[in-house]
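Structure, as structure tokens:
These figures come from a predicted structure and were not determined experimentally.
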Amino acid sequence: MSVELPVAPVDDVIRRHADGLRVSAEAGEELARRIQEEGARRAATAAERADGDGRKTLMAADFAAREVPDKDTLDLPIAPVDRVARLDIDDRYRVSMDARIVLAAELEAYAEDIAAAAAFLARHAGRRTIKGEDVEAYFQLQQYFE
């Protein structure tokens, strides 16, 4: 699976939580890859919901959204999120603009949580740089809390 998300906006999300820490390129790349995997998974689930309703268009409600946020408040760009949404679903599906925006907002919130945890792990390790291994450690630790 190639990385569809540009790393720069993902890096911006990490830096919001860095609080003086440096951010390695590997951290942004690893988080972008993880966000992409999660986005593809969520879109596949949304496609199942749309299928259940007899639709071929993914709507915001398929992502369990109550409202659509203003896209100008998001850091993740919509076009790459659209490509991420299509990674694990059939080409016969369409993704509405509202669904793209909702998915981008969900993925940004997901990234925020991971970025905050990665910064915590870097500080805990006594480092001044958030590394890709901090993002990986988050997912390794997450299995113990599910």
Side-chain angles (χ1 to χ4, degrees), residues 1-50 57-146:
M1 174 185 296
S2 66
V3 175
E4 300 288 338
L5 283 175
V7 175
V10 174
D11 189 65
D12 290 344
V13 172
I14 297 174
R15 289 184 188 285
R16 277 200 295 268
H17 296 279
D19 195 32
L21 296 176
R22 293 184 295 253
V23 178
S24 73
E26 293 82 24
E29 291 167 5
E30 180 65 19
L31 184 54
R33 186 178 69 76
R34 298 291 186 142
I35 292 168
Q36 181 169 298
E37 289 172 358
E38 181 67 12
R41 185 190 66 72
R42 290 183 187 201
T45 300
E48 290 172 9
R49 289 186 185 123
T57 301
L58 304 186
M59 309 299 284
D62 295 322
F63 292 94
R66 295 186 183 165
E67 62 182 47
V68 178
D70 179 3
K71 70 179 181 178
D72 294 332
T73 64
L74 301 174
D75 282 329
L76 294 182
I78 303 303
V81 168
D82 179 48
R83 289 191 298 275
V84 166
R86 297 169 190 277
L87 287 173
D88 289 347
I89 62 173
D90 231 329
D91 286 341
R92 62 192 166 114
Y93 290 100
R94 293 180 302 276
V95 183
S96 74
M97 180 55 79
D98 284 352
R100 296 174 201 172
I101 294 168
V102 165
L103 181 57
E106 287 181 359
L107 293 178
E108 194 165 313
Y110 178 76
E112 295 276 354
D113 291 343
I114 298 164
F120 175 84
L121 291 167
R123 283 188 200 92
H124 182 71
R127 284 187 276 102
R128 294 182 47 199
T129 303
I130 300 170
K131 297 183 174 183
E133 67 190 53
D134 298 314
V135 175
E136 291 173 17
Y138 169 83
F139 287 96
Q140 290 171 351
L141 290 170
Q142 186 183 32
Q143 69 184 340
Y144 297 108
F145 298 102
E146 291 180 338

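- Residues Ala27 and Val135 come closest through the heavy atom pair O-CG2, 4.0 Å.
- The nearest pair of heavy atoms linking Ile130 to Ala118 is CG2-CB, 3.9 Å.
- Annotation: Phe120, atom CZ; neighbour count of heavy atoms from other residues, nucleotides and ligands within 6.0 Å does not exceed 12.
- Nearest heavy atom pair, residue Met59 against residue Ala99, reads C-CB, 3.7 Å.
- A side-chain donor-acceptor contact under 3.5 Å links Gln36 to the backbone of Glu4.
- Under the salt bridge (Lys or Arg N to Asp or Glu O under 4.0 Å) criterion, the residue pairs touching residues 96-118 are Arg16-Glu108, Arg16-Glu112, Arg42-Glu106, Asp82-Arg100, with sequence neighbours excluded.
- For the pair Ala40 and Leu87, the tightest heavy-atom approach, listed with the atom from each and the gap, is CB-CB, 4.1 Å.
- In Gln143, the CD atom is crowded: over 12 heavy atoms of neighbouring residues, nucleotides or ligands sit closer than 6.0 Å.
- Residues meeting the side-chain hydrogen bond (donor to acceptor under 3.5 Å, both in side chains) test with Asp90, sequence neighbours left out: Arg92.
- Remark: side-chain polar atoms of Ser96 are paired, donor with acceptor, to backbone N or O of Leu58 under 3.5 angstrom.
- Taken to the nearest 0.5 Å, the CG atom of Asp11 stands 10.0 Å off from the CD atom of Glu29.
- No salt bridge links Glu38 with Arg34; every basic N to acidic carboxylate O contact stays at or beyond 4.0 Å.
- The side-chain heavy atoms of Leu121 and Leu141, taken from C-beta on, include a pair separated by under 4.5 Å.
- In this structure, Val68 and Met97 have side chains that are not in contact, with every pair of non-hydrogen atoms separated by 4.5 Å or more.
- Interatomic distance, OH of Tyr93 versus CG of Asp62, reported as 10.0 Å (0.5 Å rounding).
- Side chain of Thr129 to main chain of Val23: no donor-acceptor pair is present (N/O by atom type, distance under 3.5 Å, no hydrogens or angles).
- Separating the CG atom in Leu31 from the CD1 atom in Ile14 is a distance of 4.5 Å, to the nearest 0.5 Å.
- Looking at every heavy atom in both residues, Ala32 comes nearest to Val10 through N-CG1, 3.8 Å.
- Nearest heavy atom pair, residue Ala64 against residue Arg49, reads N-NH1, 4.3 Å.
- Taking CD from Glu30 and CD from Glu133, the interatomic distance works out to 11.0 Å, rounded to the nearest 0.5 Å.
- Salt-bridge check for Glu37 with Arg33: passed, with a basic side-chain N closer than 4.0 Å to an acidic carboxylate O.
- Checking each of Arg127, His124, Arg123 against Asp134 for a side-chain hydrogen bond (donor to acceptor under 3.5 Å, both in side chains) leaves exactly one that passes, namely Arg127.
- Between atom CD1 of residue Ile101 and atom CG of residue Asp72 there is a gap of 9.0 Å, rounded to the nearest 0.5 Å.
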